[in-house]
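Please read the structure below before turning to the comments.
The chain is numbered in sequence order, starting from 1. Every heavy atom of this structure was used, including side-chain atoms; hydrogens, water molecules and symmetry mates were not.
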Amino acid sequence: MAESDVHEQRQHRRLAAWRRSAKVLSRPPGDRTLAEALASLAADAGTVHAPDEWTDAYGGGVVAEVERRTADLLGMEAAAFFPTGTMAQQVALRCWAARTGDPVVALHPLAHPELREGGALTAVSGLRTVHPTTRPRLPTADEIHDFPERFGTLMLELPLRDAGFVLPSWEELEAVAAAARDRDAVVHLDGARLWECGPHLGRGPAETAALADSVYVSFYKSLGGMSGAVLAGPATLVEEARTWRHRYGGQLYQQYPAALAALLGLERELPRLPSYVGHAKLVAAALAKGLADSGVPFFRVHPDPPHTHQFQVWLPYPPEVLDEASVRQAEETGVALFRRWFPAAAGPPGLSYTEVTVAAPGLEWTARDVQDAVAGFVSRLE
């Protein structure tokens, strides 16, 4: 059997197991069938937008409503809807490079453009990236002040996903933004998961966005949307970004399904996120207790406590062993504790990690539920 066929079979098995599980910590949109997703959107769309309005055509309509609402939530002058956050962020950074006259972007080596975009900032836009720190956290104000190279834009990913969804304190974030401005650099926020940062920072989205010159936010990562992102900032920047969006092939004829799903996320999921963040702390502590009691040779829950409703769990087994235990537990018990496992990029060989997300279904879990699920998972490790 071809490797691609094996991969597809494994994916279908995982999806089937997660979908049938009665007890999960989260249910991302990708777990639904086409029929379920279409029926849900059709049933709920009328609660956030007039169903007798015309569909969008190259923007306008419900797409413009998403732009207006997001700009208001972020306290920005204007916003533009993009099909992907990757495109929105690349456009923002190239626009700022043209405005500052400096093609250098300072960001973390674990940031999304460095790990997950195939070198697009350089290959597509001719930008160059530098790293004020390699520590698994955002740079400090001193590291920005003392960095020996000039840069025109500082990009901050909130939270820094691949370091464990970690955030600075509010005071640290204020200081690092001020340090960039002392160097005459602009500040751009990769806010793909900005929506859930409020409990840790003690500030809402608008106050956080006010520290920056522009911000991108996603609608599917935390809000349960279908796809899509918004770039928000000064009106002149957003107009320039719309031109580049067309040049990048992002001026789609119709985007009303994604826009409706985005509005539903803003209406329903955004107010719930603080409860998810709070409950993630209980889940993380119970996971640590369960793993400590299980006798596994090593584990780590990171960060402890979580900064958002997402965090990492590390174990000293190959990812395929952990994946099999996770799927078997879901198939045999209807309890899906963990999803995908991945090999660690650094550190001793044999370490793997997974990302845990606590959303609405996870609020039903007690600490005992988590500890029992950990015991069931560990019993299936071979």
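- Within the structure, the salt bridge (charged side-chain N to carboxylate O under 4.0 Å, His left out) test picks out the following pairs touching residues 9-20 (sequence neighbours left out): Arg13-Glu324, Arg13-Glu331, Arg19-Glu36.
- Every residue two or more places apart in sequence or in another chain that forms a side-chain hydrogen bond (donor to acceptor under 3.5 Å, both in side chains) with Thr129 is listed here: Glu114.
- Qualifying side-chain hydrogen bond (donor to acceptor under 3.5 Å, both in side chains) partners for Ser227, counting only residues two or more places apart in sequence or in other chains: none.
- Scanning both residues, Leu363 and Ser275, for their nearest heavy atoms gives CD2-O, 3.7 Å.
- Side-chain contact annotation: His49 with Glu53, donor-acceptor N/O pair under 3.5 Å present.
- With sequence neighbours left out, Arg27 forms a side-chain contact (heavy atoms from CB on, under 4.5 Å) with Val24, Pro361.
- The number of heavy atoms from other shown groups lying within 6.0 Å of CZ (Arg300) does not exceed 12.
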Anything under 3.5 Å between a donor and an acceptor, one on a side chain of residues 41-48, the other on a protein residue two or more places apart or in another chain? List them.
{"residue": "Asp44", "atom": "OD2", "partner": "Arg268", "partner atom": "NH1", "Å": "3.1"}
{"residue": "Thr47", "atom": "OG1", "partner": "Asp44", "partner atom": "O", "Å": "2.6"}

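- Among residues two or more places apart in sequence or in another chain, the side-chain contact (heavy atoms from CB on, under 4.5 Å) test is passed with Ala259 by Val62, Val63, Val66.
- A search for side-chain hydrogen bond (donor to acceptor under 3.5 Å, both in side chains) contacts involving Trp244 returns nothing, not counting sequence neighbours.
- A salt bridge (charged side-chain N to carboxylate O under 4.0 Å, His left out) check over residues 345-361, counting only residues at least two apart or in different chains, returns the pairs Arg161-Glu355.
- Looking at residues two or more places apart in sequence or on another chain, you find no ring pair (Phe, Tyr, Trp, His ring centres under 6.0 Å) involving Tyr248.
- For Arg380 and Gln329, the side-chain atoms include no donor-acceptor pair closer than 3.5 Å.
- Scanning for ring pair (Phe, Tyr, Trp, His ring centres under 6.0 Å) contacts around His188 gives an empty result, with sequence neighbours left out.
- Inspection of the Glu172 and Ser169 side chains reveals an N or O donor paired with an N or O acceptor under 3.5 Å.
- Leu93 pairs in a side-chain contact (heavy atoms from CB on, under 4.5 Å) with only one of the listed residues (Leu107, Val186, Leu127, Asp190), which is Leu127.
- Applying the ring-ring contact (aromatic ring centres under 6.0 Å, His included) rule to pairs touching residues 108-132 yields nothing, sequence neighbours excluded.
- With sequence neighbours excluded, the residues that form a side-chain contact (heavy atoms from CB on, under 4.5 Å) with Asp369 are Lys23, Trp365, Thr366.
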